[in-house]
Undergrad: 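Have a look at this one before I ask anything.
Letters A, B, ... mirror the listed sequences (proteins, then strands); counts begin at 1.
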Amino acid sequence: MNEKLLKPYNPKNTEERIYKLWEESGFFNPDVCIEKGITKINAEKFSIVLPPPNVTGNLHTGHALMLVIEDIMVRHARMQGKNTLWLPGTDHAAIATQSKVEKLLEKEGIRKNDLGREEFLKRVEKFAKDSHDTIVNQAKKMGASLDWSREAYTLDETRNVAVKTAFKTMYDDGLIYRGHRIVNWDPKGQTVISDDELVYEEKKGKFYTFKYGPFEIGTARPETKFGDKYVVMHPKDERYKDWKHNQKITLEWINGPIEATIIKDEMIDMEFGTGVMTITPWHSHEDFALAEKYKLDKEQIIDKYGKLLPIAGEFAGMKIADAKEKIVEKLKNKGLLISIDENYINRVATAERTNGIIEPQIMLQWFVDVNKKIASRNNKSLKELMLEPVRDKKIKILPEHFEKVYFNWIENLRDWCISRQIWYGHRIPVWYKENELYCGLEAPEGNGWIQDEDTLDTWFSSGLWTFSTLGWPNKTRDLETYHPTTVIETGHDILFFWIARMILMSQYLLGVVPFENVYLHGMVRTADGKKMSKSLGDKAIDPLHIIAKYGNDAFRMSMIVGNTPGNDLRLNENDIRGYAKFINKVWNASRFVLEQIKDLDINNLQKMDEEDGESDEELKKLLAEISKEMNEYRFSIVAEKLYHYFWHTFADIIIERSKKKILENKNIDSAKAIIFTHLTTLLKALHPFIPFVTEEIWSMLPKENNKQNKNLLMVETWPS
RNA sequence: GCGCGCUUAGCUCAGUUGGUAGAGCAACGCUUUUACACAGCGAAGGUCGGGGGUCCGAAUCCCUCAGCGCGCACCA
């Protein structure tokens, strides 16, 4: 008997060796599978791009879940004989990576401006390269059967060409424009960010009521009130019916008398406060919208470092946090303070990556127009192009209810601000010379052209991912073969950030959907339900630690059984331990079978007796069921059914029965035939779920004469 | 405020055309008869959040209430 079988299954000694076998076989690459006759040249395609992990550090349990679900899909497809591509890559993650490196440099007492753009970028690239190497190693340890020969990076040369081409195409179509709009300015990160990158935090603060001429106005932000010269009320508010729209009044304000104009608009909530407010169009999205509507003046009060401008008079140059109380004090001394509510709960917008408190500002930035009709796309807008394929089921989202969430987001979508004032990322392909502007792939001829300093939102390049990875804008064979991709699998938290942007880009640039199916997994949580975030520190579960302890296959089972799309998963070490027992069960049952069939002529199996024949039929029925369920992405059910069948039918009933027959020397041929065929079939069916242990056992099985070229289980035919 | 989801055995969760409730883990009892003590076998445990409705029949469909969670918007 094989020596390995004398001991319990040892994942630690097995997994690395097996992964190497797979990798060296070349079968992760679909071209090799075709070349070696594993896959037919005209086989149906199955393609999936890996959601590229950010090069900001390690892979976490969320990545592990993603890798496992996708690996199951891919191994299953490959075993079905499909032309199967799983394409890996990493994401430069612009602002996330830059701010991480900035923090690291801070610890050394270095600031990025001291280094300059060139030198700082070198540091970031070094960090990104190290992170990349770690990520690739971890993905391999997790058993992912990715085609490493096609690996891509969102910021490499090929992808840069794709980004520039996309930008230029959109610019030429008038979909990308530069304009003064109100944006979310992050004073800490010194960059603009998109609406989706905001995180709202509830903070207890003060709510002030001031006397504003004949009115009382409320505010949580007295420091912005210097320029407020419009006072707004509802046209139907009886309390203020004597005041007319556009009526001017003179009143005493922070730095002396001002003239204010009355605006009547229905945006006002009559129930809130006194039903009267003043507006600050430069520093509020809603006030900006109102100012646009009535063509009102807009004045900047706060600069991009969070300091007050000369309009603040004696407070100019002060940081807003410091000035606040002093301004209130002054208003109080002037008799204009009416009351302070100390228990006001304010929702403060902060930047996802830097935690900086967002200050809306009017700035000159680049935007994608989501409402403009596009001539080359049947006069549809980007919004419509995003909406249609989901509505028409050309893209199916799993679980289905996320479709409603998606529609809801699109309805509320505003123009997408794509320029960022950071250094790490794709530079905007626009050059300026005096009053001229040039957009192109390369700098224009002639002297004096200066490229735009800004870089693009990281999601601009990730939006191209399904086809930039396949070589677009070149008309490559890969692009033709594998696009649209079959399925995208990712966490539901990036439905808007990423899924929506991919649909936008592919629909607009290629005129097709980027993928046919969207599988959204839930968030991975700790056993007590906490979010597995970085703030947990050491308490967060490290997937590699778990793998070292229980083996990859057990870890995979624990993430699949009982986990359905869209629902959060609580990782519980007890469960993993339980599945490690199952892996051992598979190992031990296989040991028994291997020992019994040593003298069996597997090329000439004898007919089974009646009860074994029935078991054979039962297995066929199970296979038919799970084949259907696999195609419906119901991995939890399939894994559970296989687990049960293996344990409670194959091991408990069929193997036990065979022992009796062998011992009593009755129908031995049938007994050996059934345990052999059952084991080989079950190993194939289980392989996508628990690839390592099944491959290891497979290597010890006798091979049929006519299957010399298929020595790896990973390219055997999925039983159905 | 608008929308979505969840509530099933002590814990974590499955349960897709509505047909007498399932798993893992934990806990309990018995068993070392060799593939497996990283085990086997057995028993126990639930009026499927509350209420109402449709149906011969509802965890599953409809209405309603409650608790929890999430998304979006508003917050002067």
Undergrad: Classify the nucleic acid contact of A:Asp568 as base, sugar-phosphate or nothing, counting any heavy atom under 4.0 Å across all strands shown.
TA: nothing
Undergrad: Under 4.0 Å, heavy atoms only, any strand: does A:His644 hit a base, just the sugar-phosphate, or nothing?
TA: sugar-phosphate
Undergrad: For nucleotides B:rU12 and B:rG46, find the distance between their C1' atoms and express it as a whole number of Å.
TA: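 Straight-line distance between the two C1' atoms is 16 Å.
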Undergrad: Hey, is the side chain of A:Asn567 poking within less than 4.0 Å of OP1 or OP2 on B:rA14, counting only N and O atoms?
TA: yes
Undergrad: Sorted by first residue and then second, give each ring-ring contact (aromatic ring centres under 6.0 Å, His included) pair with at least one member in residues 550-573 of chain A; sequence neighbours left out.
TA: none
Undergrad: Would you measure the distance from the C1' atom in B:rA14 across to the matching atom in B:rU60 and give it in whole Å?
TA: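 Nearest-Å result for B:rA14 against B:rU60 at atom C1': 14 Å.
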Undergrad: When the ring planes of A:Phe272 and A:Phe207 are compared, do they come out parallel, tilted or perpendicular, using 30° and 60° as the limits?
TA: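 A:Phe272 vs A:Phe207 ring planes: perpendicular.
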Undergrad: Kindly indicate whether the side chain of A:Glu656 and the base of B:rA35 share any N or O donor-acceptor pair separated by less than 3.5 Å?
TA: yes
Undergrad: Within less than 4.0 Å of OP1 or OP2 of B:rA35, is there a side-chain N or O belonging to A:Lys659?
TA: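 Checking B:rA35 against A:Lys659, a side-chain N or O does come within under 4.0 Å of OP1 or OP2.
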Undergrad: Taking only side-chain N and O atoms of A:Lys581, does any of them lie within less than 4.0 angstrom of OP1 or OP2 on B:rG24?
TA: no
Undergrad: Side chains of A:Asp196 and A:Trp409 only: does a donor on one sit below 3.5 Å from an acceptor on the other?
TA: yes
Undergrad: Cation-pi between A:Lys659 and A:Phe592: NZ/CZ under 6.0 Å from ring centre and within 45° of the ring axis?
TA: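 Yes, A:Lys659 sits over the ring of A:Phe592.
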Undergrad: Does B:rC4 have its OP1 or OP2 closer than 4.0 Å to a side-chain nitrogen or oxygen of A:Lys404?
TA: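 Affirmative; the distance criterion is met.
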Undergrad: Within the structure shown, what part of the strands sits under 4.0 Å from A:Glu286 by heavy-atom distance: base, sugar-phosphate, or nothing?
TA: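 The residue A:Glu286 makes sugar-phosphate contact but no base contact.
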Undergrad: For a quick check of understanding: with a heavy-atom distance under 4.0 Å over all strands, which category does A:Tyr9 fall into, base, sugar-phosphate or nothing?
TA: nothing
Undergrad: Which part of the nucleic acid, if any, lies within reach of A:Phe402 when heavy atoms closer than 4.0 Å are counted: base, sugar-phosphate only, or nothing?
TA: nothing
Undergrad: Counting side-chain heavy atoms from C-beta on, which of B:rG40, B:rG24, B:rG71 comes nearest to A:Lys585?
TA: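 Of all the options, the side chain of A:Lys585 is nearest to B:rG40.
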Undergrad: Compare side-chain N and O positions of A:Thr564 against OP1 and OP2 of B:rA14 and report whether any pair is under 4.0 Å apart.
TA: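 For A:Thr564, the contact criterion (side-chain N or O under 4.0 Å from OP1 or OP2 of B:rA14) is met.
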Undergrad: Go through RNA chain B and write down every stem, that is, every run of at least three consecutive Watson-Crick or G-U wobble pairs with distances under 3.5 Å, as range with range.
TA: B:1-7 with B:66-72, B:10-13 with B:22-25, B:28-31 with B:39-42, B:49-53 with B:61-65
Undergrad: Would the distance check show the side chain of A:Asn631 and the main-chain N or O of A:Ser627 forming a donor-acceptor pair, the cut-off being under 3.5 Å?
TA: yes
Undergrad: Which listed nucleotide (B:rG5, B:rA14, B:rA35) is nearest to the side chain of A:His401?
TA: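 Output: B:rG5.
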Undergrad: With heavy atoms under 4.0 Å as the rule, sort A:Ile583 into base, sugar-phosphate or nothing.
TA: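 Nothing: the residue A:Ile583, judged by heavy atoms under 4.0 Å, touches no strand.
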Undergrad: Give one of base, sugar-phosphate or nothing for A:Asn574, where a contact means two heavy atoms less than 4.0 Å apart.
TA: sugar-phosphate
Undergrad: Heavy atoms only, 4.0 Å cut-off, all strands: where does A:Arg634 land among base, sugar-phosphate and nothing?
TA: base
Undergrad: Are A:Thr61 and A:Arg525 close enough that a side-chain donor and a side-chain acceptor fall under 3.5 Å?
TA: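 A:Thr61 vs A:Arg525: no donor-acceptor pair found between side chains.
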Undergrad: Give a yes or no answer on whether the side chain of A:Asn10 reaches the backbone of A:Asn13 with a donor-acceptor pair at less than 3.5 Å.
TA: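 The answer is yes, because a donor-acceptor pair under 3.5 Å joins these two groups.
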